[in-house]
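For clarity, every value in this text was computed on a predicted model and none was experimentally measured.
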Amino acid sequence: MAYQNPPSIPISDPEAPEITPTPTPATTPPAKGYSAKVVVNKVKNNLVFHSKWGELNGAMGDLGTYIPIVLALTLARDLNLGTTLIFTGVYNIITGAIYGVPMPVQPMKSIAAQALSDTTFGVPEIMAAGVLTGGVLFVLGVTGLMRLVYMLIPLCVVRGIQLAQGLSFALTAVKYVRNIQDLPKSKSLGQRHWFGLDGLVLAIVCLCFIVIVNGAGENNRACCDGVESGGDDLGGQKRNEVVRNKTSRVRKVIFSLPSAFLVFVLGVVLVFIRRHEVVHEIKFGPSPIEVVKFSKHAWKKGFVKGAIPQLPLSILNSVIAVCKLSSDLFPGRDFSATSLSVTVGLMNLVGSWFGAMPSCHGAGGLAGQYKFGGRSGGCVALLGVAKLVLGLVLGSSLAHILNQFPVGILGVLLLFAGIELAMCCRDMNTKEDSFVMLVCTAVSLVGSSAALGFLCGMIIYVLLSLRKWTKDKPLSAIWMQKSPEQV
């Protein structure tokens with residue numbers, strides 16, 4: 001049975017202890033129409049920081065996906081990194097202002113995978129695929145068809161797509177940590193050495209540091225509760241209270257550290273230690289923004305090999321799954337599949353003409369940013385400002401820096417994003433729902449296709465619904481319209 005308003009699942013509280021997944025406080029009372037004052041107040045409320053360190057830390061939660069894909073396309077297919085940073089930075093700021101939650105902006109993964117595996121799939125084909133995918137999503141949004149799709153897809157199938165995407169991220173993250181990566185060719189070059197500035201030990205230390213600070217996402221407040229007093233030893237009670245207060249303060253400081261941000265800063269420092277010459281390769285100033293020239297062949301190839309495989313993934317993971325996950329993480333917020341579909345469509349209908357990598361929202365990015373403390377639109381707006389500044393100041397020369405960034409650290413960040421996304425599927429309480437979800441997940445992972453997994457999940461769901469509808473009567477009773485007693 002399709003879902004409209006399913007119950008939200010309990011979500012763990014990450015490193016900012018004062019933040020809980022509760023409805024956003026009431027803002028400006030709703031008014032008829034959209035006056036300039038109402039819009040400005042809404043944007044201000046959407047961009048306000050719930051926690052300075054938490055929002056800064058949450059902005060790092062999406063980089064484990066963003067950097068490897070964009071860097072690989074820059075090095076292998078001459079993607080304009082500066083233009084991509086500028087446009088995706090603007091997207092981040094706008095989506096943060098509109099939605100008021102850390103709504104991610106990620107590269108379209110199916111189009112990126114096709115470009116990296118096919119040497120003839122160049123920038124014109126990539127951008128043509130982005131324009132066409134964006135156009136379809138925009139039409140689905142403005143016509144209301146996307147909302148109909150959202151209402152008809154069962155929750156267990158959505159959870160199957162989320163679980164498959166989360167496990168896919170986690171498996172990719174483990175590969176990043178264990179093996180040396182050739183990102184432009186998307187190949188592993190052998191096992192990573194234990195020691196070194198991008199060794200296994202470094203990745204393990206970063207992973208352990210994040211686990212110590214964040215835990216599994218449990219509530220870290222009230223580190224040391226007061227112990228019930230007994231007896232008349234007031235001096236002993238005071239000494240114990242002093243010790244407890246000191247311990248509580250230390251733990252509070254540790255648990256409030258922006259772990260992902262510190263790990264990312266460590267990676268940036270290691271870039272210049274690993275290769276000093278990278279300083280001389282930096283050129284200041286934005287990259288030239290030019291309109292992409294399309295040929296008929298580029299449109300055709302972009303549609304067949306880029307847009308068609310990308311559309312199911314965008315509909316399921318960038319709109320449907322994100323819409324459901326947003327409602328789970330931020331109860332009280334009203335996210336519509338229509339608005340998400342329209343924003344994804346507009347992003348690509350604008351940016352792809354100028355060479356910006358086709359982008360979409362993603363459930364994995366949202367889960368990663370939430371995991372590390374992102375709670376408001378200010379989180380992604382902060383990330384957008386950073387992208388915008390880097391794109392204007394360094395342009396495509398930033399690729400020289402990112403090429404030296406420890407891939408093992410990116411793997412650690414991606415691992416937590418994938419696990420957080422997969423854990424959102426723990427609300428499947430019935431055996432039937434779990435069965436449909438796991439079938440959908442297994443097919444998606446083995447077939448490397450969210451569309452195939454979705455199709456199999458829907459078929460299983462329909463079959464189980466028909467079986468329940470027949471109330472376990474034998475087929476002869478249904479066909480002959482006889483009662484079980486007559487049969």
**OP:** For the residue pair Tyr150 and Val319, establish whether any side-chain heavy-atom pair is separated by less than 4.5 Å.
**Re:** no
**OP:** Determine, stepwise, if the pair Val177 / Val407 fulfils side chain to side chain contact (heavy atoms under 4.5 Å, CB included).
**Re:** CA-CA 7 Å; Val177 172; Val407 178; over 6 Å; no
Subject >> Val149 side chain near Leu140 side chain, heavy-atom distance below 4.5 Å >> reply: no
Subject >> Side-chain heavy-atom pair Glu125, Ile111 within 4.5 angstrom cut-off >> reply: no
Original post:
Taking side chain as C-beta onward, heavy atoms only, is Val436 less than 4.5 Å from Met428?
Top reply: no
Original post:
Has the side chain of Asn348 got a donor or acceptor atom that lies under 3.5 Å from a matching backbone atom of Val344?
Top reply: yes
Original post:
Got a second to check how far Leu340's CG is from Cys323's SG, nearest 0.5 Å?
Top reply: 5.5 Å
Original post:
Which heavy-atom pair separates Thr74 from Leu79 by the least distance, and what is that distance?
Top reply: CG2-O, 3.6 Å
**OP:** Report yes or no: does Arg426 contribute a side-chain atom to a donor-acceptor pair with the main-chain N or O of Met423 at less than 3.5 Å?
**Re:** yes
Original post:
Excluding sequence neighbours, so at least two apart, what forms ring pair (Phe, Tyr, Trp, His ring centres under 6.0 Å) with Phe405?
Top reply: Phe264
Subject >> 4.5 Å side-chain heavy-atom contact, Cys440 and Ile161 >> reply: yes
Original post:
Going by atom types only, do Tyr99 and Thr343 share a side-chain donor-acceptor pair under 3.5 Å?
Top reply: yes
**OP:** Kindly say whether Ala337 contributes a backbone atom to a donor-acceptor pair with the side chain of Ser341 at under 3.5 angstrom?
**Re:** no
Original post:
Where do Leu410 and Leu63 come nearest, in terms of heavy atoms and distance?
Top reply: CD2-O, 4.1 Å
**OP:** Spell out, as yes or no, whether a donor-acceptor pair under 3.5 Å connects the side chain of Gln162 to the backbone of Val322.
**Re:** no
Original post:
Taking all non-hydrogen atoms of both residues, which atom of Ala115 and which atom of Ile126 are closest, and how far apart?
Top reply: CB-CD1, 3.6 Å
Original post:
Is a donor on one side and an acceptor on the other found under 3.5 Å between the side chain of Thr95 and the backbone of Asn92?
Top reply: yes
Original post:
Of all heavy-atom pairs between Ala164 and Ser444, which one has the smallest distance, and what is that distance?
Top reply: CB-CB, 3.6 Å
Original post:
Do the charged groups of Arg159 and Asp328 touch, with an N to O distance under 4.0 Å?
Top reply: yes
**OP:** Compare every heavy atom of Ala422 with every heavy atom of Leu163, then report the nearest pair and how far apart it is.
**Re:** CD1-CB, 3.7 Å
Original post:
Does Asn80 offer a backbone N or O that forms a donor-acceptor pair with the side chain of Thr83 under 3.5 Å?
Top reply: no
Subject >> Minimum side-chain heavy-atom gap Met437-Asp433 below 4.5 Å >> reply: no
Original post:
Does His361 use its side chain to pair, donor to acceptor, with the backbone of Pro104 at less than 3.5 Å?
Top reply: yes
Subject >> Parallel, tilted or perpendicular: ring planes of Phe87 versus Phe354, cut at 30 and 60 degrees >> reply: parallel
Original post:
Taking the six-membered ring of Phe121, is NZ or CZ of Arg77 closer than 6.0 Å to its centre and within 45° of its axis?
Top reply: no
Original post:
Centroid-to-centroid, Phe261 to Phe372, below 6.0 Å?
Top reply: no
**OP:** Determine yes or no for a side-chain-to-main-chain donor-acceptor pair under 3.5 angstrom, with Thr84 supplying the side chain and Met357 the backbone.
**Re:** yes
**OP:** Applying side chain to side chain contact (heavy atoms under 4.5 Å, CB included), run through His50 and Cys379 and close with a yes or a no.
**Re:** CA-CA 9 Å; His50 289 207; Cys379 170; over 6 Å; no
**OP:** Please report the closest heavy-atom contact between Pro358 and Met127, naming both atoms and the distance.
**Re:** CD-SD, 4.1 Å
Original post:
So, Gln106 and Ser359: side-chain donor and acceptor under 3.5 Å apart, yes or no?
Top reply: no
Subject >> Flag side-chain contact, heavy atom, 4.5 Å: Leu421 against Leu325 >> reply: yes
Subject >> Donor-acceptor side-chain pairing of Ser339 and Ser336 below 3.5 angstrom >> reply: yes
**OP:** For Met347 and Phe138, run side chain to side chain contact (heavy atoms under 4.5 Å, CB included): C-alpha distance rounded to whole Å, both residues' side-chain angles, the deciding distance at 0.1 Å, then the answer.
**Re:** CA-CA 10 Å; Met347 285 192 300; Phe138 180 78; over 6 Å; no
**OP:** Indicate yes or no for a side-chain donor-acceptor contact from Ser188 to the backbone of Asn179 under 3.5 Å, with no hydrogens or angles considered.
**Re:** no
Original post:
Between Gln310 (side chain) and Ser110 (backbone), is there a donor-acceptor pair under 3.5 Å?
Top reply: yes
Subject >> Side-chain heavy atoms of Phe416 within contact of Leu207, under 4.5 Å >> reply: yes
**OP:** Check step by step if side chain to side chain donor-acceptor pair (under 3.5 Å) holds for Thr65 and Lys109.
**Re:** CA-CA 9 Å; Thr65 304; Lys109 300 174 186 63; 5.8 Å; no
